[in-house]
Amino acid sequence: MATDVEVVGEADEPGWEVDPDDEWGIAVIATVGRQLKLRREAVGMRAADFGKAVGYGEDMVYKIESGKRIPRPEFLDTADGVLRAGGLVSAMKEDVEKVTYPKKVRDLAELEARAVEMQLYDPLNIHGLLQAPEYARALLLMRRPAYTDTEVERFFAARVSRKSVFERDPAPEIGFVLEEWTLRRPLGGKAMLRHQLEHLLQVAQLRNVELQVMPMEREEHAGLAGGIEVLKFRDGSAMGRSPAIANGRPVQEPKQLRILELRYGIIRAQALTPRESSAFIEDLLGAT
C-alpha cells in the first residue's frame, strides 16, 4: 500500500509500556492488541506492510499486538482507516486512554470522580488540581532524576485529565489550603508564575470552590505533619490520606478520619478567609 507516512523508529518509542502491577490495564491492552492482529490478518495485510501504512516499525507493531506496548490514540485512528474497521478500532481509545495514566493516578481520579466533598491541603506545592497546564508541565520537567519525554507526556496527560472534577454536574464541594511560599516561588519563571496566579483567581471564582492561603507570618500552624486529603462520598463513607497517618496509605477508619478532619479544620481557621485569600493573590499578582 502506497503511503507517505514517515515510519517511526524503535528509538522514538511510539507508545507506553504497560505497568506490570496494573492487572486491568494489562488485560485491556492485551485485548486491544489481539483485536488489531485479528483485523490485520482479516484484510490479508502483513505486519511489515501494516506498520508502513500507519508509520510504525514492524517490531513496534508486534509489541502492540502482543500487548507489550500501549498504543497512542493517533495510532488507533490511523489503524482504523487502514484496516477499514468502520470506527471499531478508534472506539477502543477510551479504555486505552485510561490505561495510559499510571494506576495510582487513575485510582485517585476515580475516587475524585465519586466524591461529593473534598478537603485538600498540600504544604509543598500548589495542589495538582489547581495547577495551570503549562505550570504542571514545567514542574514535571524539573523532576530529578529527570523523566523521559514519554513519562512527562504520560504524567501530564494524567494530571490534566483530573481537572474534569471541576466540570461535573452536580459539582463537588472542594476546599483548598495553599501555603503562601508556594505562591511566591517563580518556578518556570515570573511569566509562568503570573499565569499560575491568574489561574488560581479563576478557579477561586467557582461557586463550589473555597480557596484559602496560609500566610508565612502565622505563629501557629496545625499542618506541620504534612499534607491532608479527605474525600467524602454520597453514601456517607469517606477516605483520607496524610503522611502523618498510616504512612500515607488511604484510611477509612472513623478515628483516623476524625484526626484528619480536626487538623484540616484548624488549618482552615488559621488561614486567610477565601475573600482575603483572593485579595492576597491579587496583590501577589500585581507585584510579580
Side-chain angles (χ1 to χ4, degrees), residues 1 3-10 12-43 45-114 128-129 133 136-137 140 147-169:
M1 180 180 294
T3 178
D4 59 359
V5 177
E6 180 183 357
V7 176
V8 178
E10 194 76 19
D12 293 290
E13 294 294 300
W16 300 273
E17 293 183 358
V18 184
D19 183 346
D21 297 324
D22 187 356
E23 295 181 1
W24 179 81
I26 291 173
V28 168
I29 299 308
T31 300
V32 170
R34 188 161 51 247
Q35 289 296 318
L36 284 168
K37 182 179 180 180
L38 289 173
R39 291 189 175 278
R40 175 178 61 76
E41 293 176 342
V43 298
M45 184 176 287
R46 296 182 307 160
D49 294 333
F50 173 67
K52 186 177 180 181
V54 298
Y56 278 25
E58 183 178 359
D59 288 345
M60 189 57 65
V61 170
Y62 283 129
K63 283 185 177 182
I64 292 175
E65 290 184 346
S66 62
K68 295 179 180 178
R69 298 289 292 183
I70 304 172
R72 295 179 184 271
E74 58 269 22
F75 168 85
L76 295 175
D77 285 334
T78 304
D80 191 274
V82 171
L83 300 176
R84 302 189 294 276
L88 295 178
V89 172
S90 291
M92 295 188 286
K93 286 192 298 184
E94 183 176 350
D95 283 339
V96 170
E97 181 182 19
K98 293 177 183 177
V99 180
T100 299
Y101 308 146
K103 184 177 184 299
K104 63 181 182 179
V105 177
R106 194 169 69 239
D107 291 344
L108 176 58
E110 290 174 356
L111 287 172
E112 290 173 345
R114 290 175 42 220
L129 288 177
R137 184 183 290 277
L140 290 171
Y147 287 130
T148 65
D149 289 344
T150 296
E151 287 174 324
V152 169
E153 181 179 343
R154 188 179 186 189
F155 289 127
F156 175 73
R159 185 162 298 183
V160 171
S161 72
R162 290 173 56 202
K163 304 295 183 67
S164 61
V165 70
F166 294 113
E167 302 168 1
R168 282 171 43 196
D169 186 17

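Residue numbers run from 1 in the order of the sequence given.
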Q: Inspect the surroundings of CG in D149 and state if more than 12 heavy atoms from other residues, nucleotides or ligands are less than 6.0 Å away.
A: no
Q.
Do L88 and Q35 have side chains that approach each other closer than 4.5 Å (heavy atoms only, starting at C-beta)?
A. no
Q: First locate atom NZ of K52, then atom CZ of R46, and finally report the distance between them rounded to the nearest 0.5 Å.
A: 10.0 Å
Q | CD on E97 to CD on E94, rounded to 0.5 Å | A | 8.0 Å
Q.
Give me the atom names and distance for the closest heavy-atom approach of A158 to S161.
A. O-OG, 2.7 Å
(Q) Restricting to non-hydrogen atoms, name the atom on R40 and the atom on A47 that form the minimum distance, rounded to 0.1 Å. (A) NH1-N, 3.2 Å
Q) Where is the tightest heavy-atom contact between V96 and P71, given as atom of each residue plus distance? A) CG1-O, 3.4 Å
(Q) Quick one, E65 and E41 - any side-chain contact, counting heavy atoms below 4.5 Å? (A) no
Q. Quick one: which of L76, I64, V99 gives a side-chain contact (heavy atoms from CB on, under 4.5 Å) with V32?
A. L76
Q | Minimum-distance pair of heavy atoms, taken over all atoms of K163 and G128 | A | CE-O, 3.3 Å
Q: Report yes if some heavy atom in the side chain of Y56 is under 4.5 Å from a heavy atom in the side chain of R72; otherwise report no.
A: yes
(Q) Please report the interatomic distance CG(D22) to CD1(I70), rounded to the nearest 0.5 Å. (A) 8.0 Å
**Q.** Side-chain donor or acceptor of D80 paired with backbone N/O of G87 under 3.5 Å
**A.** yes
(Q) Just so I know, are the side chains of L36 and L83 near enough to count as touching, which here means a heavy-atom distance under 4.5 Å? (A) yes
**Q.** Other residues, nucleotides, ligands: >12 heavy atoms within 6.0 Å of R168 CZ
**A.** yes
**Q.** Side-chain touch Y62/E58, heavy atoms, less than 4.5 angstrom
**A.** yes
Q) Hey, are the side chains of T31 and D95 touching, using non-hydrogen atoms and a 4.5 Å cut-off? A) no
Q. About how many Å separate CG of L129 and CD of E112, when rounded to the nearest 0.5 Å?
A. 5.0 Å
Q: Would you name the heavy atoms of A79 and V89 that are closest together and state the gap between them?
A: CB-CG1, 4.3 Å
Q.
Rounded to the nearest 0.5 Å, what separates atom CZ in R154 from atom CG in L140?
A. 13.0 Å
Q: Assign the ring pair F50 / F75 to parallel, tilted or perpendicular, where the plane angle (0 to 90°) is split at 30° and 60°.
A: perpendicular
**Q.** Atom pair CD/OG1 of E153 and T148 - distance to nearest 0.5 Å
**A.** 9.5 Å
